[in-house]
Structure formats: structure tokens, C-alpha cells
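Reviewing the structure listed below.
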Amino acid sequence: MPSCWTGRIPPGSPTRSRATPGGRRSSRMSDPYDVGTDERRAFWADAVADEIEARDPEDPIVIKGGVSPSGVPHLGHFNEIMRGYFVAEALRERGHEVEQVFTTDDRDRLRKLPRKLADLEWNVVGLGEVDAGALGRNLGKPYTDIPDPFGCCDSYGAHFTELLGRSAAVVDVPIETVSNTELYESGRFDDAVERVLAGRETAREVLSTFQNKVDDGYVPFFAQCSECGHLTETITGVDLDSRTVEYVCSDVEAGDGVIEGCGHEGTATFREGKLPWRFEWPAQWLTLGIDFEPFGKDHAEGSWPSGETIARDVFGFEPPVPMVYEWFTLNGDALSSSAGNLITVEEVLELLEVDVIRYFFTKNPKKQRDFDVGRIDRLVDEFDRFERAYFEGETEGIGADEAERAERAYPMVVDDTGTRPIRIPYTFAAVLGMTDDRDLRIAMARRSGHLPEDAGEDEIDAALERVEKARAWAVRTDNEFNYRLAETLPETDFDDGVETALEDLAAVVEAESPDEKALQEKIYETARNNDVPVGEFFAAGYRLFLDEPEGPRLGPFLAAMDDAFVVRRLRREA
RNA sequence: GGGCCGAUAGCUCAGUCCGGCAGAGCGUCUGGCUUUUAACCAGACGGUCGGGGGUUCGAAUCCCCCUCGGCCCGCCA
């Protein structure tokens, strides 16, 4: 006969206790914050790799991350990709074969409408710009059963999974994406589901020590209604032999509201539904053979302790090595898709080189950090120092620890450590962004000593890539580096003294073509000779060339430009 | 209310697991330079290591209490 469950707790089982995180923690339970701290390591990923190696896992070692494809992927999701990546690389360096997989939890149900969406070109749009009604009618269904609001992918889930995949691709991290829906539909999850349902009394008992509202009727499976497509929690029977469950499609509480069920009574296979998250997570570990998984601090106190226990006591396997990472903030506030405080990977890449983004995630995962767009220059400076620490080792201003960390982490950050790239300081690159003239940029960079005379064309191109980023940053934040060479003659209103001085200066440039230092001197000299206050004369120069009251050091700036143009502009001819 | 993580120079952060001189970069100030304005060089200034107590010859580091920020302890993921 079909296995029928009863709500009776077997004698001798632990009494149900209030679900406090620390309450059940026994010697078997691990502290995901405390991973990999047995030996001092300069780079955290090596400490984690030590712990994984200590388990003596079989190759390939499998590292997992995962996320629900519910909305616009943003920089925060990179933790899931990059933290695992550095551990993978540390293990590869030690000769292991490592696979990095990324589960997309696309069988989760859509519970509320996202406020923002993004098309495949990363254009972020509001809900009003798509067919919100169509989405609203699909609340309660798995993401993979909801049409793509942009009409370009197979489903809502597929759309945002595609964006996640593209995010990983742009930072050049090789990741295999695994669809949860696919795991169910293909039958790969069948055994895991069967183990949960066969041991559902144990499952219930274990879960109840972590969650309060697990009652005797609880069955750890959601069936998808064959009539309306919603996932329902009301399971009325389980048949292990035929691998099916009986269900009633009932109402589901979701956030503030209730998603109504259609009342249909039916039968679903193990492939037509899903496990609740607390069981699904360990099921993924088991099915995919996961050895290591980093996760956000939100999972540290709830999901992890239950997942770890469920792995051992329900499934009977040893859970992966865990690691908690702290969240970071964006411009001082929590990242939030719904509140609109987000920055997409695409946007970040307009401002930063890929290497710098990757570097950002080499920092200690246990510290909360702010990604401050206004101070990106500081992050890039830090990266340049990190690079210097790799190439120069322990040296003046760079300590042994810092050098060791760079020695380990830098090769995992960049493509190629063979040649040291030319790096123009970020704020100076922003200044170079004042002109689109490549030759002028090169001339200015050379004269400032940031571009060696013997640099090859490829090296120069690589170095100048930063100019576009820094320019975009200066424009986006409209900061003090947001200069722009005035293409046409600005409107001016100079007095006679200034006009005479400008003419004198034009004559000097025309006759002597002074270098930057000489020109700087000449500017002062010319102002003095004409009894023009120095500040006023500089202001005239900035007005003429930038149409701004202030600007960069004028001598080097003008010296770098074409003399004929400088003369014409000083004479206000063009 | 209970638990977990964090707090170190004005700013950004190393150092905390394993107790042993309080560190770096940036910023500021001074000079290099008859020179307001990117960069560069030299030097100086800068500290109640969030606060209090304890252990110790010795505490940023270990223990206890407290403050602040974040997270978890409903559902969901």
C-alpha cells in the first residue's frame, strides 16, 4: 500500500525545543564564520582551500554558488561568483581539478512583483514599462513557468538566469549554470526527493528544531497544480513506490498578501513540484557532489545550521565546507533591487577595469565594505598598489604580509602575469579624458611621466582603456576631474590687460614652442609683465580652453597640445 | 528579548585566529618652486585600537559587560 505518514513523533526523539540558532548547536555543528583558520594565511582563499583539502575530497572538487533569478543581477551577486572563484583557483594551483557551478533557483515561485527589471542589454526599466498584468497573474508559479516579460527568453527565470550568466562572463569566471527546474524535470532530483519524503518524520523533527511552525501535518514538498500551475503546500498523501504525491491547490501566504489556490485536487510526480528551500539546498549539495559553498551572512544563522543538520540526519552525507561572506553597501546604503539602490555589472564595467572588480573581492570576506562610486579612484589606486606589491614584492612602503597576499592573489585576478601593464593613475586618466584626441592623450601622459617613451602600441592602448573608464566616472559623479576641452571658442569678456597678456603668450608659444615647465613659467611672467593678477590670468586660460573657472596645471596642459591650435585659441580666433 | 559578524589615524584599510615597540596609502601641513589649481619628490603632524572591567611580566589581539552598524531567530529564499 502507499506509504502513509502519521504525525506521531517516535518515542525517544528529542523534545521539540524553541528554534534558537544557538540552541541546537552541538559539537557536530560547524561555525561557518570560523572556516579555515587553523593556519595563518596571507590570502583568505588559501585558508579555505586548506580546510577543503583536509577533507581529502575526490577530484574534481565542486564549488557552488547560487541565486534566485528574481530580478536584476547587481554587484552584490558577484560575491556568489567571485568568492568561490578564488577558492577554486587556490585549489587549482595546488593541482586539483575544480568545477565551479552556479545553481539558479528558478523553480522558486514568484511571490511579489519586482519594481525593476532589465533587458538583455542591461537597460533597467520600471515595472510599468512591461506587461505588469501578465506578471501579476503569474504570482505563485515557478519562474520558469512565467513568460519572459521582454519576450526574448523561454521564461522569466531563463531571462534573469541569462543575465547572471552574462555577469559571470564579463568578469571572465568560468561557471557552469545549473537550473533547479532542470534538476527536477530531468529526474536528477528524484532520489533526493524520495529520501526526504521517505524520511519525512525525521525531516519534520529536524526542521522543527530550527523553525517553530512545523506542525504534524507538514510534508516537505510543494506540488505544482496541474490546473493553475501554482506551487501548493497542501500535500495530502505520499506514495513512494510510484514517486507521487496527492495535493490540494490551496492559498499561499506570500509577504503581505495571499496567492489564491484554485482548489484543484490532483496527483503530482516528484518532478512536478519542489522541495522547500531548507531541504532543497542540501539536496543540491548531494546531487551535485558539492565540496564547498560560500553564502551571504543572511544564511549563516538560519539556513546553514538547518542545512548542515538535514544533510547529515535526513540525507546521511557530510555537508560541504561552508563560508560566510559579509554583504557590502553601495554608496553607504544596502543594495536593493526593489528600492532601486543597485549597480549592475554593466554599469560597474563602464567605470572600472575587470581586474579591479576582481580585486575588490580578494579582500577579507568577513568585513562589511562600502562600494563608493564617488571614491572609485581610491579603489583603483589600491589595485595599482596591489599590482606593484606583486611585481616588486616586499619593498619600501609594502610590508611582508601585503607582498605575500599579492603574490598569491594577483595571478588569480589578472589574465597574464607575464608583463607588467602600464597604469595611468585613475584621477590623471580622468584628466586625460578631457579630450578625445588620442595623440593628445598620449602626449599629455608621456609628459607627465605616466607613459614611457618606448611603450608599444598595444601597451598604450591597454593603458588608455582606463581613460574611458575614468572619464565616465568623472561625468557620472560630476566631480572635480570632469573637465572637457572646449571644442569651440567659449564666450569671453576679458579686460584690456588680460587681452594683451594673452596676445603676448600666443606670441611666445608661436615663436618658442616652450615645454611644459617653460610654458608654466611664461604664463606667470606674462601675467606679471602686464600687471594682470596671476589668478585672473589662469582663470582666463581655463575659460578659453575648458570653459571652466578652474582646471589642471595649465603649463603641462597647453604644452601637450598642438601649438597652432593653442595660438589660435589664445588669440580667440577659433 | 536571544544569538552571530563588524568597529584600528580626518578617510580607506592591514594587523586580531597564534598576546611581545601602533602600521600603510590617501588627505592635511611645510618645503622642493617669485608658482591657488592633476601628477611628482622630501619631511612633519596625526591614535582612549568603539567604551568599561578582568586575566597576564606584557592585551588592538584572550575573557566578561556595554554602545553603535549589519544580519538571523515568522513565512519565503
Side-chain angles (χ1 to χ4, degrees), chain A residues 18-23 25 31-42 47 66-68 70 105 107-109 111-112 210-213 222 231 233 252-256 274 276-278 280-281 295-305 324-329 332 334 363-370 372 375 377-379 381-382 384-386 388-389 396-402 405 424-432 434 444-445 447-450 480-481 483 516-517 520-521 523-525 527-528 533-535 538-539 541-542 548-557:
Chain A
R18 188 180 136 53
T20 51
R25 189 163 287 173
D31 179 356
Y33 281 99
D34 202 30
V35 63
T37 49
D38 289 343
E39 191 182 343
R40 205 200 69 79
R41 289 289 197 175
V67 71
S68 195
S70 55
D105 296 339
R107 188 154 260 199
D108 296 356
R109 62 180 144 222
R111 302 171 72 237
K112 60 178 183 182
F210 295 97
Q211 298 192 325
N212 286 329
K213 299 207 170 158
F222 304 151
L231 289 166
E233 295 166 11
V252 173
E253 285 179 39
D256 313 327
K274 79 186 286 290
W277 159 251
R278 297 277 180 140
E280 191 173 67
W281 202 23
F295 45 84
K297 65 152 138 196
D298 54 328
H299 288 324
E301 299 292 323
S303 300
W304 170 254
V324 178
Y325 57 79
E326 277 287 331
W327 290 353
F328 55 87
T329 52
K363 298 180 177 206
N364 188 346
K366 279 174 66 175
K367 295 233 186 180
Q368 250 181 67
R369 287 195 158 76
D370 187 42
D372 185 346
R375 299 320 314 267
D377 55 326
R378 200 149 53 194
L379 177 62
D381 286 351
E382 221 178 273
D384 289 350
R385 179 188 167 92
F386 171 66
R388 184 165 77 90
E396 186 149 335
I398 291 178
D401 271 8
E402 192 175 358
R405 193 158 44 241
I424 299 170
Y426 194 76
T427 52
F428 187 71
V431 172
L432 292 185
M434 74 174 68
M444 291 172 72
R447 287 174 197 232
S448 310
H450 295 306
E480 70 265 36
F481 303 105
Y483 308 128
E516 57 185 77
K517 191 166 181 178
Q520 184 79 2
E521 299 272 351
I523 294 169
Y524 280 95
E525 195 179 308
R528 278 195 304 273
V534 168
F538 272 99
Y542 295 127
E548 296 275 348
E550 290 186 345
R553 200 172 175 89
L554 205 49
F557 176 45

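In what follows, every chain begins at residue 1, and chains take the letters A, B, ... in the order their sequences are listed. Just so it is clear, the structure is predicted and the values come from calculations on it, not from any experiment.
Applying the side-chain hydrogen bond (donor to acceptor under 3.5 Å, both in side chains) test to A:Y325 and every residue at least two apart in sequence or in another chain returns A:E80. Residues satisfying the side-chain hydrogen bond (donor to acceptor under 3.5 Å, both in side chains) test with A:S68, not counting sequence neighbours, are A:D108. Listed by chain and number, the residues in a side-chain contact (heavy atoms from CB on, under 4.5 Å) with A:Q368 are A:K297, A:E326 (sequence neighbours excluded). For A:R378, the side-chain contact (heavy atoms from CB on, under 4.5 Å) test picks out A:R375, with sequence neighbours left out. Contacts of A:P276 classified as side-chain contact (heavy atoms from CB on, under 4.5 Å), with partners at least two apart in sequence or in another chain: A:Y218, A:P220, A:F222, A:F279.
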(message) Before you tell me yes or no, could you show the steps for A:D370 and A:F328 under side chain to side chain contact (heavy atoms under 4.5 Å, CB included), namely the whole-Å CA-CA distance, both residues' side-chain angles and the distance that decides it to 0.1 Å?
(response) CA-CA 5 Å; A:D370 187 42; A:F328 55 87; over 6 Å; no

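The C1' atoms of B:C72 and B:C18 are separated by 30 Å, rounded to the nearest whole Å. When the P atom is compared between B:A24 and B:C64, the two are found 33 Å apart, to the nearest whole Å. B:G20 and B:G58 have their C1' atoms separated by 7 Å, given to the nearest Å. A distance of about 7 Å separates the P atoms of B:C26 and B:C40, rounded to the whole Å. Of the P atoms belonging to B:G50 and B:A22, the separation is 15 Å, rounded to the nearest Å. When the C1' atom is used for both B:G47 and B:A9, the distance is 6 Å, rounded to whole Å. Separating the P atom of B:G25 from that of B:A42 is a span of 10 Å, rounded to the nearest Å. B:A39 sits 23 Å from B:C45 when the P atoms are compared, rounded to a whole Å.
In terms of phosphate contacts, A:K274 brings a side-chain nitrogen or oxygen within less than 4.0 Å of OP1 or OP2 of B:A77. A close approach under 4.0 Å does occur between a side-chain nitrogen or oxygen of A:Y524 and OP1 or OP2 of B:U36.
Atom CZ of A:R405 is separated from atom C1' of B:A24 by 11 Å (rounded to the nearest Å). Atom-to-atom, CG of A:D298 to P of B:A77 comes out at 14 Å; the value is rounded to the nearest Å. Atom pair A:R369:CZ and B:A7:P shows a separation of 10 Å (rounding to whole Å applied). Here the P atom of nucleotide B:U34 and the CD atom of A:E525 are 14 Å apart, to the nearest Å. Atom P of nucleotide B:C72 and atom NE2 of A:H299 are separated by 10 Å, given to the nearest angstrom. Taking atom NZ on A:K367 and atom P on B:A7, their separation rounds to 4 Å, with Å as the unit. Atoms CG (A:N364) and P (B:G6) sit 9 Å apart, rounded to a whole Å. Counting to the nearest Å, the P atom of B:U34 and the CD1 atom of A:I523 are 16 Å from each other.
Looking at the side chain of A:Y33, the nearest of the listed nucleotides B:C71, B:C5, B:U35 is B:C5. For A:Y542, the side-chain atoms get nearest to B:U37 when compared with the rest of B:G70, B:U37, B:G3. Distances from the side chain of A:D108 to the nucleotides B:A77, B:A38, B:U37 place B:A77 closest. For A:Q368, whose side chain is taken as the heavy atoms from C-beta onward, the closest listed nucleotide among B:C72, B:G70, B:U36 is B:G70. Ranking B:A38, B:U12, B:G69 by closeness to the A:E382 side chain, first place goes to B:U12.
Residue contacts for A:F222: at a heavy-atom cut-off of 4.0 Å it reaches the sugar-phosphate backbone alone, with no base atom in range. Residue contacts for A:W281: at a heavy-atom cut-off of 4.0 Å it reaches no nucleic acid atom on any strand shown. Here A:E402 lies out of heavy-atom contact (under 4.0 Å) with every strand. Nucleic acid contact class of A:S70 (heavy atoms, under 4.0 Å, all strands): none. Contacts of A:V534 with the nucleic acid, taken as non-hydrogen atoms under 4.0 Å apart, involve only primed sugar atoms and P, OP1 or OP2. A:R109 comes within contact range of no nucleotide atom at all, as no heavy-atom separation falls under 4.0 Å.
Across every strand in view, B:A38 sits unpaired, with no contact that passes the Watson-Crick or G-U test at under 3.5 angstrom. Both distances falling under 3.5 Å, in either a Watson-Crick or a G-U wobble arrangement, occur for no nucleotide opposite B:U55. Base pairing analysis places B:A7 opposite B:U67; the two distances defining the Watson-Crick or G-U wobble pair are each below 3.5 Å. Pairing of B:C75, defined by two Watson-Crick or G-U wobble distances under 3.5 Å, is not identified with any nucleotide. Nucleotide B:G43 has B:C29 as its partner under the Watson-Crick or G-U criteria, with both atom distances under 3.5 Å.
Of the two residues contacting RNA chain B, namely A:E233 and A:K297, the nearest-nucleotide position lying further toward the 5' end is that of A:K297.
How far CH2 of A:W304 is from OH of A:Y33: 13.5 Å, rounded to the nearest 0.5 Å. The distance from atom CZ of A:R107 to atom CD of A:E280, rounded to the nearest 0.5 Å, is 9.5 Å.
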At a cut-off of 3.5 Å, list every protein nitrogen or oxygen paired with a nitrogen or oxygen from nucleotides 25-33 of chain B, distance to 0.1 Å.
unit_1: B:G25; atom_1: O4'; unit_2: A:R385; atom_2: NH1; d: 3.4

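A:H450 and A:F428 have tilted rings, their planes meeting at an angle from 30° to 60° on a 0 to 90° scale. Relative orientation of the A:W281 and A:H299 rings is tilted, given thresholds of 30° and 60° on the angle between their planes.
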